[in-house]
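Please read the structure below before turning to the comments.
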2 protein chains.
Amino acid sequence: MKISTKGRYALRVMIDLAINSNGKYISLKDIAERQEISNKYLEQIIALLNKAEYLETARGNTGGYKLSKQPKEYKVGDILRATEGDLTPIYCLTEDGKCNRQKDCKTYSFWKGLDNVINEYVDSKTLEDLIK
Amino acid sequence: MKISTKGRYALRVMIDLAINSNGKYISLKDIAERQEISNKYLEQIIALLNKAEYLETARGNTGGYKLSKQPKEYKVGDILRATEGDLTPIYCLTEDGKCNRQKDCKTYSFWKGLDNVINEYVDSKTLEDLIK
DNA sequence: GAATTCCCTACTAAATTAGTAGTATAATAA
DNA sequence: TTATTATACTACTAATTTAGTAGGGAATTC
């Protein structure tokens with residue numbers, strides 16, 4: 001039960017962008033260097049953040065990325081879900097995972113509760129909270 | 001970020017033992033049948049619970065397993081940790097996972113907090129809670 | 001002593017994770 | 001207009017983890 005590098009790196013990227021923002025676009029290369037993450041792998045992670053419309057991007061010589069919102073407007077939970085997929089700790093709780101034992105499953109509500117505390121926690125923190 | 005079958009099955013085994021307890025030993029075969037889990041795989045899971053001294057066992061014809069304590073004396077968290085390994089959602093928080101960026105890591109305390117809510121939740125529930 | 005049970009270790013197929021690699025596309029600046 | 005620098009997209013791959021299988025052996029009871 002681990003958060004993968006995708007979620008962890010994504011969070012670091014977002015923090016990096018928040019801290020180093022100066023109005024200009026910040027290149028992937030710069031982020032990768034500061035964060036010591038492979039260029040090519042970071043591309044894929046940023047692609048996920050981009051698809052979720054968390055970033056503004058520009059190509060070309062002065063291109064790069066910047067946050068599309070204020071740090072306090074990003075819930076950490078949203079960043080993680082965009083990169084990790086869902087944070088549901090149990091397959092049974094997902095849409096595809098419904099099983100025929102569910103009706104009298106003694107563990108279901110326990111797992112549901114775990115899912116709740118996890119999501120409530122990650123959604124209670126914003127990017128701004130992490131920076132300070 | 002998922003709980004594996006080991007933890008999920010282990011919890012179902014413990015509940016099965018709690019519900020079907022009648023003073024006698026309950027065979028792995030019976031549990032496996034009721035829970036629709038492969039005999040051989042279940043053996044391995046039970047071995048972990050056994051190693052943690054959560055079960056009493058007996059061999060031979062009337063042998064099997066029973067709980068070594070009352071249901072309310074088992075924290076669900078303990079059952080999961082015995083079978084899943086630790087529940088720490090981030091490698092960095094474990095003994096082996098300390099990294100050289102930790103001193104000014106902006107995410108560390110966030111992850112620590114997540115670790116806390118998870119462990120507090122699973123430790124707040126006992127086997128008895130799940131049965132009722 | 002045959003049947004039934006737990007005990008222990010090794011192996012393996014499938015899925016997931018953590019990347020590499022290569023190419024195309026867009027923008028800028030000389 | 002062309003070289004340079006950047007993002008965008010897709011395919012592939014090595015390593016690890018997960019979810020089991022398989023095959024003995026040892027204890028106990030009938």
Side-chain angles (χ1 to χ4, degrees), chain A residues 1-10 12-13 17 24-33 35-66 68 80 83-86 88-92 94 96-97 99, chain B residues 1-10 12-13 17 24-33 35-66 68 80 83-86 88-92 94 96-97 99:
Chain A
M1 155 115 162
K2 291 272 181 288
I3 296 277
S4 76
T5 51
K6 278 192 181 165
R8 276 161 38 213
Y9 290 176
R12 280 165 55 186
V13 167
L17 283 171
K24 292 182 188 161
Y25 290 100
I26 295 167
S27 76
L28 185 144
K29 203 176 137 217
D30 288 352
I31 303 170
E33 257 169 40
Q35 296 298 325
E36 299 174 276
I37 298 171
S38 131
N39 244 309
K40 282 294 188 179
Y41 190 38
L42 197 54
E43 258 187 37
Q44 292 175 36
I45 291 161
I46 284 188
L48 295 169
L49 294 169
N50 206 9
K51 203 165 140 194
E53 302 188 320
Y54 294 160
L55 304 177
E56 273 177 48
T57 79
R59 291 180 169 190
N61 213 351
T62 60
Y65 304 92
K66 58 169 108 167
S68 57
L80 294 178
T83 46
E84 287 282 310
D86 65 62
T88 308
I90 295 285
Y91 185 60
C92 320
T94 63
D96 300 343
C99 90
Chain B
M1 157 114 158
K2 292 272 182 287
I3 297 277
S4 76
T5 51
K6 277 191 183 168
R8 275 160 40 213
Y9 290 177
R12 280 166 55 187
V13 167
L17 283 172
K24 293 183 187 160
Y25 290 101
I26 295 168
S27 76
L28 185 145
K29 204 177 136 216
D30 288 352
I31 303 169
E33 257 169 41
Q35 297 299 323
E36 298 173 279
I37 299 170
S38 129
N39 245 308
K40 281 295 190 181
Y41 191 38
L42 197 54
E43 260 187 36
Q44 291 175 36
I45 291 161
I46 285 189
L48 296 169
L49 294 169
N50 206 7
K51 203 165 139 192
E53 301 187 321
Y54 293 161
L55 304 176
E56 274 178 48
T57 77
R59 291 179 172 190
N61 214 350
T62 60
Y65 303 92
K66 57 171 109 169
S68 59
L80 294 178
T83 47
E84 285 283 311
D86 64 60
T88 309
I90 294 285
Y91 185 61
C92 319
T94 62
D96 301 344
C99 90

With side chains defined as the heavy atoms from C-beta onward, is the minimum distance between A/Q35 and A/V13 less than 4.5 Å?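 No, their side chains stay 4.5 Å or more apart.
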Taking all non-hydrogen atoms of both residues into account, name the closest pair between A/L55 and A/L49 and its distance.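 Taking A/L55 first and A/L49 second, the nearest heavy atoms are CD1-CB, 3.9 Å.
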For B/M1 versus A/E84, what's the shortest heavy-atom pair and its separation?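 Looks like N-OE1, 4.4 Å.
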Hey, does the side chain of [X] come within less than 4.0 Å of [N]'s phosphate (OP1/OP2), counting only N and O?
X     : N      : result
B/N50 : C/dC7  : yes
B/Y9  : D/dG20 : yes
A/T57 : D/dT7  : no
A/S4  : C/dT16 : no
B/T5  : D/dA19 : yes
B/S38 : D/dT21 : yes

Just call it for [X]: base, sugar-phosphate, or nothing, with non-hydrogen atoms closer than 4.0 Å on any strand.
X     : value
A/L28 : sugar-phosphate
B/A58 : sugar-phosphate
A/Y65 : sugar-phosphate

Interatomic distance, [X] [atom1] vs [N] [atom2] [rounded to whole Å]:
X     : N      : atom1 : atom2 : value
B/Y91 : D/dA15 : OH    : P     : 17 Å
A/K40 : D/dA11 : NZ    : C1'   : 12 Å
A/L48 : D/dT7  : CG    : C1'   : 15 Å
B/Y25 : C/dC6  : OH    : P     : 12 Å
A/E56 : D/dT7  : CD    : P     : 15 Å
A/R59 : C/dA24 : CZ    : P     : 13 Å
A/N61 : D/dA3  : CG    : P     : 15 Å
A/D30 : D/dT5  : CG    : P     : 13 Å

Would you say the side chain of [X] and the base of [N] hold a donor-acceptor pair, judged only by whether the two atoms sit under 3.5 Å apart?
X     : N      : value
B/E43 : C/dC7  : yes
B/Q44 : D/dT21 : yes
A/K6  : C/dG19 : no

Please figure out whether A/I26 or A/M1 has its closest DNA chain D nucleotide nearer the 5' end.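 Of the two residues, A/I26 wins.
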Given the rule in the side chain to side chain contact (heavy atoms under 4.5 Å, CB included) test, do A/Y65 and A/I26 qualify, once you have shown the distances and angles that lead to the verdict? CA-CA 5 Å; A/Y65 304 92; A/I26 295 167; 5.7 Å; no
So A/L42 and A/K29, side chain to side chain contact (heavy atoms under 4.5 Å, CB included) or not? Walk me through it. CA-CA 9 Å; A/L42 197 54; A/K29 203 176 137 217; over 6 Å; no
Rounded distance (nearest 0.5 Å) linking atom CD1 of A/I31 with atom CG of A/N39: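 With rounding to 0.5 Å, CD1 (A/I31) is 10.0 Å from CG (A/N39).
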